[in-house]
Amino acid sequence: MVEGVVELIKGNFSDVEIVIPEHQEKRVHISVEKEKVKEIAKFLKDNGFRHLSFITCVDWIDEGKFELVYGLYSYEEKIVVLIKTKIDRDNPKQETLLPLWDQAQTYEREIHEMFGVYFDGNPGLTPFILEDWEGIPPMRKDFDSRKYSQITYDSEAK
Amino acid sequence: MLESFRGGKVARWFKGRSMWLLHFCTGCGAIELPPSMTSRYDLERFGIIPMASPRQADVLLITGYLSVKTLKRVITTYEQMLDPKYVIGFGSCTINGGMYWDSYATINKLDYYLPVDVYISGCMPAPDAIFAAFLELREKIEKGEANGYKLYKIHYERYKANQDKVFKNRGIIEGED
Amino acid sequence: MGIKNYFSPVSALKFLVKKPVTVRVPYEKKEPSENYRGFHINDIEKCIGCGNCARICPPNAIEMVPMTEYPKYKDMKVEEGKRIKKIPKIDYGRCCFCALCVDVCPSFSLKLSRERIQVETDKEAFVFIANNDVSYKDNLGYVANEKSHLLGLKPKR
Amino acid sequence: MLFLYNIIIVPIIAILIGLLFLGIARKVTARIHRRYGPPVIQPYFDTLKLLTKEDNITHGVMYMLGPAIGIAGSLLTLFFIPIGKYALFSMHGDLILVLYLGVIGSLGMALGAGDSGNPNAAIGVSRGLSLMLSYEFPLVLAIVGVILKYNTTSISAIIQKQVTSGWWAIFVIPLSALVFDIALQGILGEKPFDIPIAPHEINSGPMVEYGGKYLGMLQIFASLHLFTELALFVDLFLGGGANIITFSLKMLVVFLLAIFINAIMPRFRMDQAFKFYWKWPAILGLISLIFVFI
Amino acid sequence: MKTYELFIGPQHVGITGNFSVILELEGNVVKKATPNPGFLHRGFEKLMEMRGFIHNVPIVCRICVPDPDPNEANYAMAVEKLLGIEPPPRAKYIRTIVLEFSRIASHLFTFGGHAGSIGLYTIPNWTISDRDFILDLFEMLTGGRVYHIFIYPGGVRRDLPDGFIEKAKDVLNYLEKRLDDYNKLYFDSYMFKKRARGIGIINKEDAIEWGVTGPNLRASGVKADTRKDDPYAAYGELDFEIPVLTGGDAYDRIMIRRMEVVESIKIIRQALDNIPDGPIREKVPNPMRFIVPPGDAYVKVESSKGEYGYYMVSNGKDKPYRVYIRGASMTHGIHILEKLLPGNYLADVSQIMFSLDVCPPEIDR
């Protein structure tokens with residue numbers, strides 16, 4: 001049950017903000033400091049949340065922050081927990097989750113490529129989907145895809 | 001004499017009767033190819049079969065959008081095919097960008113980079129449209145109008161300049177020396 | 001796993017004498033369904049030139065052009081001080097045949113036909129002004145009805 | 001004069017019939033797939049188209065000679081196999097010779113493909129040679145069975161003895177015929193033994209770099225190869241043929257069997273094919289030999 | 001022994017779509033596999049940020065081409081969650097029917113692909129042509145063969161046309177009959193077992209740890225299905241089973257899909273019989289000004305490939321601020337392939353990929 005998970009987290013971590021979203025069943029959103037992510041992920045993994053659904057990133061350009069979102073799922077409780085943390089946009093660094101889940105590699109590589117976030121301790125942040133990409137990572141809000149497309153693909157070379 | 005036979009009417013007739021296409025799923029249009037090649041529509045009735053290797057193929061299907069990463073391979077593949085070779089552009093994406101007209105990863109106009117012999121409209125083109133395209137291509141081959149591969153040689157400089165514009169590292173395909 | 005499993009594939013040979021399922025396109029025609037989303041038909045007389053279709057089009061395939069660009073109305077007289085009605089010009093190099101434009105058309109003038117085959121060598125031929133003078137104008141496919149219309153309008157009788 | 005005439009006419013007939021058989025195979029397979037399939041003469045179109053393509057690629061001399069060696073090997077084999085009433089070279093021991101010559105074609109292919117420098121081709125060649133190693137053993141067992149039964153190594157003599165006794169060898173030594181047929185599936189490269197050219201694994205294997213007229217020559221080689229191997233089976237086990245038509249019909253029956261198996265079987269993995277060939281056909285071949293001795 | 005590199009893809013027959021795997025081979029055995037995705041990258045997440053909520057409806061279905069409808073349903077559900085609305089019951093049932101037909105179609109495609117990868121070309125010819133009858137149904141219902149653009153935020157686009165229920169039942173009966181033919185030629189046959197048994201085994205613990213989802217997870221013995229655990233559309237009201245196998249090899253991964261086809265046929269029959277009357281769409285904002293209140297939501301559906309998740313953030317404007325799409329193949333195609341391929345023969349590489357049902361457009365997006 002959702003309440004049980006909330007109790008469990010509250011009992012072990014003090015400065016964690018927990019939101020149970022409206023209209024959405026079986027979802028718990030928690031916001032933590034970026035240093036605490038690994039600790040809380042490990043705790044949740046030991047408590048049944050063994051499936052890492054996804055890691056993603058939201059670019060809050062007005063605040064100057066990147067928000068990393070980790071989705072964990074428990075096959076026993078059947079609840080999705082989203083761990084959210086905000087990191088500095090100018091110096092985007094975050095500890096890797098590789099020691100906990102091997103497959104975090106895929107998601108971290110993608111975020112590194114699309115947003116330019118560095119994951120400390122992840123050795124394999126090589127180009128993933130794009131090839132020979134130069135300039136700002138394309139998923140950042142200040143990258144204008146429409147303009148880039150017009151310049152690059154809508155005219156012939158001279 | 002051999003040369004004139006090669007480009008002659010009889011040879012072209014055979015070429016139109018036996019179009020081997022390259023098995024290269026470049027985009028989402030590839031999803032309508034299996035239905036047209038298998039039992040329900042059966043492209044093989046016209047001697048059209050998929051080939052595994054570019055050396056053996058006559059027709060290159062650009063099935064929809066091309067990301068720049070794929071375009072690099074497509075051009076390598078196209079250059080590996082033996083003359084005469086033909087290109088069919090599938091659906092809106094090859095004509096003017098289609099759905100992905102403002103995407104940073106996909107090209108908009110295929111004919112900047114490769115000569116296209118026949119375009120089909122639609123997003124997905126239905127199997128009937130695919131048949132219509134192949135029959136149109138056959139007709140063009142028989143008339144000797146499908147000269148894309150010659151144009152590619154004549155205007156090679158222009159095509160190459162356009163290709164270089166979108167490739168930041170031309171020629172370096174991962175693992176290729 | 002019994003001995004049966006070694007020889008059960010032989011049953012596939014029965015299809016040697018059965019009729020194939022192939023639809024012999026183009027000799028046999030496969031009819032598109034009742035509400036197939038094919039090429040556009042626009043009743044220019046009915047069109048009010050609101051531009052809803054151009055705004056909703058996800059790939060920006062529709063451009064509103066003055067009615068006089070269409071050959072039939074080329075010599076139409078325009079009264080002083082009145083704007084020329086604009087009609088949609090559709091680029092099939094962009095169109096994704098989603099029919100959203102049909103579902104927001106307040107005058108119900110824009111419709112989709114069941115025609116779906118267009119093969120061209122020249123890519124300029126894919127841009128055209130939707131009109132009512134095409135050969136497939138009676139072959140109606142996707143037409144907005146009151147349940148599908150996104151603005152909740154009802155077609156007038 | 002007639003001899004020279006035959007030397008030209010027989011290969012042409014063989015190629016035409018071989019290509020026709022390939023077309024029949026495509027048509028029959030299509031019917032099992034529940035579709036109509038291409039016209040029966042489609043392989044002629046394909047071959048002629050391939051021969052008229054331009055060749056702007058080469059990979060060296062061996063690459064070009066490969067298909068030529070293949071065709072030469074198959075032609076040579078063809079001359080020693082009696083086809084209907086045509087028996088160009090016939091002598092004692094030609095069965096042994098045919099066994100040797102039959103390999104030349106495949107080896108030529110292997111040499112040519114090995115020179116193309118594509119790893120897929122290299123894997124295909126190694127698979128092809130391993131497959132050859134697998135089916136040669138049961139094949140030899142089956143042929144030894146025939147030789148011992150009729151006490152001769154001349155194909156013409158074997159046919160003669162079958163015709164005079166009134167019993168085809170397939171009824172006298174059925175197990176040997178079965179073993180030969182299983183080996184034939186591998187020789188013809190039909191499923192479950194089309195391992196060397198598996199498109200889903202190695203992109204059509206040895207001929208991955210072949211195109212244009214070389215591929216056309218390979219097509220001709222394939223039809224000749226098909227014709228010789230089927231002719232050998234018909235000669236050894238079905239009593240040859242009085243004329244080319246009955247001979248072709250017998251060949252067609254054998255070929256259709258192979259095509260049916262081809263249509264309903266997935267492909268073996270190399271190790272599985274090897275194990276299979278050295279197990280069941282080998283055992284059956286040995287049993288057949290024992291029967292022949294008794 | 002010397003190792004050498006072999007490229008599988010992007011132009012290769014034995015690959016699911018446009019994808020590439022770089023293999024390091026020692027003789028015939030794979031030593032190391034490095035998947036190289038990105039050939040189908042279109043930047044969907046960026047495109048969706050640039051377009052309004054209604055403009056995204058035709059786009060999302062292009063993410064996974066063989067199985068487009070879970071994307072539409074997922075997108076619609078995410079918007080509905082943010083709007084705080086529920087689709088009417090009739091719309092839910094129609095969605096269920098569409099989703100399950102899409103699942104069957106996708107599974108038929110997978111059977112064809114897998115059988116083709118082991119060389120049995122009769123099965124792709126049969127299954128893909130039988131899938132075409134389902135596409136005909138879709139065409140009748142939605143007007144499009146492949147891309148349906150049918151499930152809208154708030155409901156579905158059109159009501160069931162006249163005669164749809166009868167035609168759908170005919171197709172289901174036909175498919176059931178055809179399943180027998182497939183069984184004889186393929187699922188029960190000795191050669192299929194010989195090729196697929198023991199290939200690419202994922203055990204139960206690894207499956208959970210590596211993030212395997214969907215049919216592949218159930219083939220490894222975990223009974224988990226979003227349709228039961230987190231019901232959406234009308235699945236909560238319908239009666240169906242979740243098949244589970246324990247082998248975790250390529251054979252079980254294909255067999256579990258066959259069992260799912262049988263279950264899907266059952267679900268569609270129930271949905272067709274019990275479909276309630278009523279409206280098909282809840283009131284949503286005007287499409288010209290489709291404003292969604294700020295917030296974020298994670299929704300997921302069970303697609304034919306596995307768990308499909310959409311994480312949507314809205315900042316109160318008419319465009320989504322961020323959409324993240326978790327494709328099922330994201331793990332299957334990269335991480336799992338890297339783990340499974342080493343140690344297998346080259347001949348089984350394509351078979352493993354097809355049995356995992358890797359859909360490259362989901363990875364690249």
Side-chain angles (χ1 to χ4, degrees), chain B residues 22-42 44 50-54 57 60 63-74 76-78 80 91 93 97-106 122-129 173-177, chain E residues 5-7 9-20 22 34 36-44 46-47 50-51 55 58-59 61-68 109 112-113 116 121-133 135-136 139 144-147 149 360-361 364-365:
Chain B
L22 182 66
H23 190 285
F24 193 173
C25 321
T26 55
C28 40
I31 197 77
E32 278 291 43
L33 276 181
S36 17
M37 283 189 296
T38 53
S39 305
R40 192 75 197 285
Y41 294 95
D42 192 15
E44 207 185 341
M51 276 289 146
S53 152
L60 176 61
T63 49
Y65 62 89
L66 280 180
S67 67
V68 177
K69 201 174 176 177
T70 314
L71 180 69
K72 211 181 228 181
R73 274 80 174 170
V74 164
T76 318
T77 311
Y78 180 75
Q80 280 182 11
C93 309
M99 287 244 78
Y100 316 109
W101 62 285
D102 52 353
S103 159
Y104 57 88
T106 62
C123 183
M124 285 293 114
D128 334 24
I173 287 181
E174 211 176 318
E176 209 177 74
D177 302 314
Chain E
E5 261 191 353
L6 187 71
F7 283 55
Q11 189 272 309
H12 194 282
V13 187
I15 211 108
T16 54
N18 196 350
F19 189 65
S20 168
I22 301 161
T34 321
N36 178 15
F39 296 101
L40 293 168
H41 184 60
R42 290 149 279 179
F44 263 115
K46 191 79 184 176
L47 294 185
M50 295 191 291
R51 286 160 204 213
H55 298 104
I59 267 202
C61 54
R62 270 122 177 128
I63 289 169
C64 181
V65 197
D67 194 7
F109 218 92
Y121 299 129
T122 310
I123 285 290
N125 272 290
W126 286 4
T127 53
I128 295 174
S129 62
D130 289 342
R131 168 181 173 273
D132 220 77
F133 293 106
L135 295 192
D136 283 355
E139 198 181 303
R145 268 170 64 84
V146 177
Y147 294 139
I149 316 172
D364 304 341
R365 300 193 301 284

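Quick caveat, the model's predicted, so the values are computed rather than measured. Chain naming here is simple, since letters A, B, ... match the order of the sequence lines and numbering starts at 1 in each.
- Under the 3.5 Å distance criterion, the side-chain polar atoms of E:Q11 are matched with a main-chain donor or acceptor of B:A52.
- In this structure, E:R145 and B:E32 approach most closely via the heavy-atom pair NE-OE2, 2.7 Å.
- With a 4.5 angstrom heavy-atom cutoff, E:P68 does not touch chain B via any of its atoms.
- Considering only heavy atoms from C-beta on, E:W126 stays 4.5 Å or farther from B:T38 through its side chain.
- Taking SG of B:C93 as the reference point, atom CZ of E:R42 lies at 9.0 Å (rounded to 0.5 Å).
- Judged by distance alone, the side chain of B:S39 and the main-chain N or O of E:N125 form a donor-acceptor pair under 3.5 Å.
- With a threshold of 4.5 angstrom between heavy atoms, E:F44 approaches chain B through side-chain atoms but not through N, CA, C or O.
- For E:L40, the parts sitting under 4.5 Å from any heavy atom of chain B are the backbone and the side chain alike.
- Residues B:C123 and E:R62 come closest through the heavy atom pair SG-NH2, 2.9 Å.
- Salt bridge status for E:D364 with B:K69: absent, with no side-chain N to carboxylate O gap under 4.0 Å.
- Separation of atoms OG (B:S36) and CD1 (E:I128) is listed at 10.0 Å; rounding is to 0.5 Å.
- Checked against the 6.0 Å centroid threshold, B:Y104 and E:H41 count as a close aromatic pair.
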Could you walk me through whether B:F24 and E:N18 pass side-chain contact (heavy atoms from CB on, under 4.5 Å), step by step? CA-CA 7 Å; B:F24 193 173; E:N18 196 350; 3.9 Å; yes
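- For a residue to count as touching a neighbouring chain, one of its non-hydrogen atoms must lie under 4.5 Å from one of that chain's; by this rule E:F19 does not touch chain B.
- Between chain E and the options B:G27, B:A105, B:P50, B:A126, the largest number of non-hydrogen pairs under 4.5 Å is found for B:A105.
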Pair E:D136, B:R40 - check side-chain contact (heavy atoms from CB on, under 4.5 Å), show working. CA-CA 11 Å; E:D136 283 355; B:R40 192 75 197 285; 3.2 Å; yes
